[in-house]
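What follows is a short report on a single structure.
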Amino acid sequence: MCGRYTLAHAEAAKAALERLGLKIAKEVSLPTRYNVAPTQIMPVVTGGADPALVALYWGHLAQFSPDAKPTLLINGRSELAAEKRTFKQAVAEHRCVVPADGFFEWLRTQGGKVRVPYHIRRKDGRTFWIAGLHWPATDDQPAHYILLTTAPNELMAQIHDRMPVIMDDAAAREWLAGGPLQPGRMSTLCASYPAELMAADRVDPLVNNARNDRPECIVPVKHSSIDDQLPGLADHS
């Protein structure tokens, strides 16, 4: 689902933004965040003729029927986004990427009664991009964004049945280019990121509370019997 992510290395993130061609002034500082949660404001790169770094609210209020209460969406399935009324226009006109250096997902154990948090990252620690969509401000909500998800790779399949759409610099540039995507490019760009390039670290449950936003959120904890049941995770730690 990807309901939390990290931007723990601000200077590395600035360097990544410059690789995308954005000119970041020296005095501009990015937030250092260890537990980003929905409804918070974070830096996002919006696409089009003039890509820009902007601060947006995470979450999109969707009204599915006139009588229904608006629903806060924080992500969307990339496989369906181009056809869904809620996302179709944004896919064509308002694509964005979100800088991150990790994200959290929870492994459900003991019949779903226990949720074990993992911090998933690139093995080399580099900043990456999560594909997203954004919307301008309206009377009902500020300018905002959501993340896109895709099918899990071999690593993530052991933890959850979805993962964020992770992009390298080349894919991010194409995603940000103005205008509709060429036929077939949506599925290619939103494919699962290679498992062999990723690592998963079990972390402390303090990350479960969004108010906890400190370095301890991403410090690996000692493996337990739960990890012993998932040899693939040990291969990617």
Side-chain angles (χ1 to χ4, degrees), residues 1-20 22 24 28-47 51-60 73-76 78 95-106 117-134 144-150 152-153 155-156 159-160 162-176 189-195 197-201 203 207 210 212-220 236:
M1 179 179 178
C2 191
R4 306 280 181 83
Y5 66 91
T6 61
L7 190 65
H9 307 289
E11 288 306 309
K14 287 182 70 173
L17 291 165
E18 291 172 352
R19 291 199 306 269
L20 281 188
L22 278 75
I24 308 300
V28 172
S29 61
L30 297 180
T32 298
R33 298 293 310 278
Y34 301 97
N35 193 6
V36 182
T39 74
Q40 297 176 352
I41 296 174
M42 287 297 293
V44 172
V45 180
T46 56
L53 179 67
V54 296
L56 299 181
Y57 173 97
W58 182 9
H60 173 69
L73 305 178
I74 62 172
N75 52 44
S78 61
R95 300 186 297 274
C96 64
V97 293
V98 179
D101 43 43
F103 63 95
F104 296 102
E105 197 52 81
W106 283 260
Y118 280 85
H119 181 236
I120 299 99
R121 55 187 173 79
R122 281 181 52 139
K123 281 185 176 178
D124 60 12
R126 282 168 65 95
T127 300
F128 54 80
W129 310 103
I130 301 178
L133 306 173
H134 72 98
H144 56 279
Y145 70 101
I146 66 163
L147 307 179
L148 291 179
T149 66
T150 189
N153 59 27
L155 170 64
M156 283 302 303
I159 304 173
H160 199 269
R162 299 294 293 174
M163 67 179 291
V165 173
I166 296 174
M167 294 180 167
D168 59 18
D169 293 347
R173 291 189 192 97
E174 184 175 351
W175 182 254
L176 292 173
L189 290 171
C190 294
S192 305
Y193 199 71
L197 300 181
M198 300 178 69
D201 301 313
V203 292
V207 74
N212 295 326
D213 186 10
R214 54 183 191 267
E216 291 82 0
C217 289
I218 61 173
V219 175
H236 290 85

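Keep in mind the model is a prediction, meaning the values are calculated, not measured. Residue numbers start at 1 and run along the sequence shown.
The closest side-chain heavy-atom distance from Ile24 to Leu30 is not below 4.5 Å. Within the 4.5 Å cutoff, the side chain of Phe104 has heavy atoms near those of the Val203 side chain. A heavy-atom distance below 4.5 Å is not found between the side chains of Arg162 and Asn75. Annotation: side chain of Tyr34 is not in contact with side chain of Val207 (no heavy-atom distance under 4.5 Å). Contact annotation: the side chain of Met156 never approaches that of Tyr193 to less than 4.5 Å [non-hydrogen atoms, C-beta and beyond]. Annotation: side chain of Trp129 is not in contact with side chain of Val165 (no heavy-atom distance under 4.5 Å). Using a 4.5 Å cut-off on side-chain heavy atoms (C-beta onward), Leu189 and Met167 make contact. When side chains are defined from C-beta on, Tyr57 counts as touching Thr39, because their heavy atoms get closer than 4.5 Å.
Smallest separation of non-hydrogen atoms from Ala10 and Thr32: CB-OG1, 3.7 Å. A pairwise comparison of heavy atoms in Met42 and Pro31 identifies CE-CG, 4.1 Å as the closest pair. Taking every heavy atom of both residues into account, Pro43 and Val98 meet most closely at O-CG1, 4.2 Å. Here the closest non-hydrogen pair linking Leu20 and Asp169 is CD2-O, 3.8 Å. Across all non-hydrogen atoms, the minimal contact from Cys96 to Tyr145 is SG-CB, 4.3 Å. Between Tyr5 and Pro99, the shortest heavy-atom distance links the atoms CE1-O, 4.0 Å.
Formation of a donor-acceptor pair under 3.5 Å by the Arg95 side chain with backbone atoms of Trp175 is found in this model. Distance alone, capped at 3.5 Å, places no donor-acceptor pair between the Asp213 side chain and the Arg33 backbone. Put simply, the side chain of Thr46 never gets that close to the backbone of Pro51: no donor and acceptor are under 3.5 Å apart.
Atoms NE2 and CZ, from His9 and Arg126 in turn, are 13.0 Å apart once rounded to the nearest 0.5 Å. Distance check: Ile218 CD1 to Asp201 CG gives 9.0 Å after rounding to the nearest 0.5 Å. Separation of atoms CG (Leu155) and CD (Glu105) is listed at 11.5 Å; rounding is to 0.5 Å.
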Decide side-chain contact (heavy atoms from CB on, under 4.5 Å) for Ile146 and Ile74; before the verdict, give the C-alpha distance in whole Å, the side-chain angles of both, and the deciding distance to 0.1 Å. CA-CA 5 Å; Ile146 66 163; Ile74 62 172; 5.7 Å; no
Residue pair Met198, Ile166: steps toward the side-chain contact (heavy atoms from CB on, under 4.5 Å) verdict: CA-CA 11 Å; Met198 300 178 69; Ile166 296 174; 3.8 Å; yes
side-chain contact (heavy atoms from CB on, under 4.5 Å) between His160 and Tyr118, worked out: CA-CA 10 Å; His160 199 269; Tyr118 280 85; over 6 Å; no
Can you check side-chain contact (heavy atoms from CB on, under 4.5 Å) on Asn35 and Arg4, steps first, answer last? CA-CA 6 Å; Asn35 193 6; Arg4 306 280 181 83; 3.2 Å; yes
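Ring-plane geometry between His144 and His60 is classed as parallel, the angle between the planes falling under 30 degrees on a 0 to 90 degree scale with a further cut at 60. Classification of the Phe103-Phe128 ring pair by plane angle, with boundaries at 30° and 60°, yields perpendicular.
Side-chain polar atoms of Asp101 and Thr6 form a donor-acceptor pair below 3.5 angstrom.
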